[in-house]
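Heads up: the structure comes next, in structure tokens.
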Amino acid sequence: MTTRVSTAVILAAGMGTRLKGYTTERPKGFLEIDGTSLIERSVNHLIDAGVSDILIGTGYFHEHFDSLRLKYPEVRTFRNDRFATTGSMYTLYVLRDLIKGPFLLLESDLLYDPIALEYLLSDGEEDIILASGATQSGDEVFIQHSPEGFLQNMSKDRSVLKHIDGELVGISKLSKNTLTSMVSFSETLFNEGKLMINYEDALVGTSIDHNIRIKVIDDLAWCEIDDENHLNRALTKVYPKILERVRPGI
């Protein structure tokens, strides 16, 4: 039996420095594809999937995200005031006390087929990281899992992995217990002055004591947009592929 997930957390504090021509006056989550920003597209997908509480961890040009609250009553925004000197895990850390149960964790700069949410929400396991097959997109985060399909390691450096079983999409379903473990793992590093910790690092650290399933969907249509090459791929390859698979309500 699946547990209903009504909360989503979107990590959106980053400065998008590799997209300088597009992010001098707005966060990269506000890049538009076919007239709709990445962040608003994702918010609508989440609402359509039954998510009623969407927490956005903001930082750079936070006021753009704050404006979404006027349009979507499901959205709440909370600022990581240290966004310029911290990693994505610190933004999740800022939101930790607001997350009361299982939740979806997403990055803000994703373009994805909304069926990605269904893959996670319909699965009975509590902790799942969504992965795809090889995209050849550049800047991939590669995943290594155990023979049983549980997370062992993640890295952009292929050489530190024994084998590669998929690529991180940037959408996960996590339990409150796993969040608590991620926070505990990160607090130790924060207290040592190591603030540039990403949530992926905390997931790997937590996986020592928690089984976190890797769900690989080989032909998933998705991309992260970190630079102009990614943006071009989104426009010419990924978005047309999503449109080909369009379903009612998308």
Side-chain angles (χ1 to χ4, degrees), residues 9-43 45 56-65 68 80 82-92 105-114 116 129-143 153-161 164 166-172 195-204 216-243:
V9 175
I10 303 177
L11 302 177
M15 299 172 67
T17 54
R18 285 181 284 171
L19 278 163
K20 288 182 180 178
Y22 300 89
T23 58
T24 54
E25 296 180 351
R26 61 181 181 175
K28 61 180 176 177
F30 282 85
L31 285 171
E32 292 188 357
I33 303 292
D34 196 16
T36 303
S37 69
L38 296 174
I39 188 70
E40 190 162 0
R41 189 179 295 275
S42 193
V43 165
H45 291 338
I56 304 179
T58 70
Y60 182 67
F61 280 118
H62 65 94
E63 59 272 15
H64 288 264
F65 295 104
L68 292 176
N80 169 11
R82 306 175 74 177
F83 69 90
T85 58
T86 59
S88 60
M89 185 59 213
Y90 197 88
T91 302
L92 182 58
L105 180 64
L106 302 92
E107 299 174 20
S108 68
D109 56 356
L110 298 175
L111 175 67
Y112 59 92
D113 185 333
I129 294 171
L130 190 63
S132 74
T135 63
Q136 310 297 329
S137 61
D139 202 40
E140 303 96 330
V141 175
F142 302 106
I143 298 176
N153 203 356
M154 283 192 284
S155 179
K156 291 185 178 182
D157 182 357
R158 289 173 174 264
S159 68
V160 304
L161 304 180
I164 295 172
E167 294 180 13
L168 179 71
V169 172
I171 308 175
S172 303
L195 301 179
M196 293 299 293
I197 304 299
N198 291 317
Y199 78 90
E200 299 100 309
D201 304 317
L203 282 170
V204 172
V216 181
I217 308 299
D218 283 323
D219 64 343
L220 184 67
W222 75 282
C223 65
E224 180 182 27
I225 303 178
D226 274 329
D227 57 33
E228 288 203 43
N229 288 331
H230 290 173
L231 179 57
N232 181 63
R233 180 171 177 270
L235 293 170
T236 61
K237 295 183 179 180
V238 178
Y239 189 59
K241 189 174 180 180
I242 291 173
L243 291 180

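Heavy-atom basis, side chains included; hydrogens, waters and symmetry copies ignored. Residue indices begin at 1 and follow the sequence shown.
- With no hydrogens or angles considered, a side-chain donor-acceptor pair links S42 and Y112 at under 3.5 Å.
- In this structure the side chain of K156 reaches within 4.5 angstrom of the side chain of D139, judged on heavy atoms.
- Contact check for L203 versus M154: side-chain heavy atoms found under the 4.5 Å cut-off.
- Within the 6.0 Å centre-distance limit, the rings of F65 and F30 are counted as a close aromatic pair.
- In this structure the side chain of V9 reaches within 4.5 angstrom of the side chain of L11, judged on heavy atoms.
- Contact annotation: the side chain of T135 approaches that of R233 to within less than 4.5 Å [non-hydrogen atoms, C-beta and beyond].
- H230 places a side-chain N or O within donor-acceptor distance of the main-chain N or O of D226, the cut-off being under 3.5 Å.
- Side chains of L38 and I225 form a contact here, defined as non-hydrogen atoms less than 4.5 Å apart.
- Side chain of D201 to main chain of N198: a donor-acceptor pair is present (N/O by atom type, distance under 3.5 Å, no hydrogens or angles).
- The backbone N or O of Y199 lies less than 3.5 Å from a partner atom in the side chain of S88, making a donor-acceptor pair.
- D218 pairs by the side-chain contact (heavy atoms from CB on, under 4.5 Å) definition with V216, not counting sequence neighbours.
- Side-chain polar atoms of D157 and S155 form no donor-acceptor pair below 3.5 angstrom.
- Remark: the backbone N or O of G138 is paired with a side-chain donor or acceptor of E140 at under 3.5 angstrom.
- With E224 contributing its side chain and V169 its backbone, the two residues share no donor-acceptor pair below 3.5 Å.
- Side-chain atoms of Y90 and N80 include no donor-acceptor pair closer than 3.5 Å.
- A pairwise comparison of heavy atoms in I33 and A234 identifies CD1-CB, 4.4 Å as the closest pair.
- When ring centroids are compared, F83 and H62 stay outside the 6.0 Å threshold.
- Residue-environment remark: CD (E32) exceeds the threshold of 12 foreign heavy atoms within 6.0 Å.
- Cation-pi geometry between R26 and F61 is not satisfied (NZ or CZ under 6.0 Å from the ring centre, within 45° of the ring normal).
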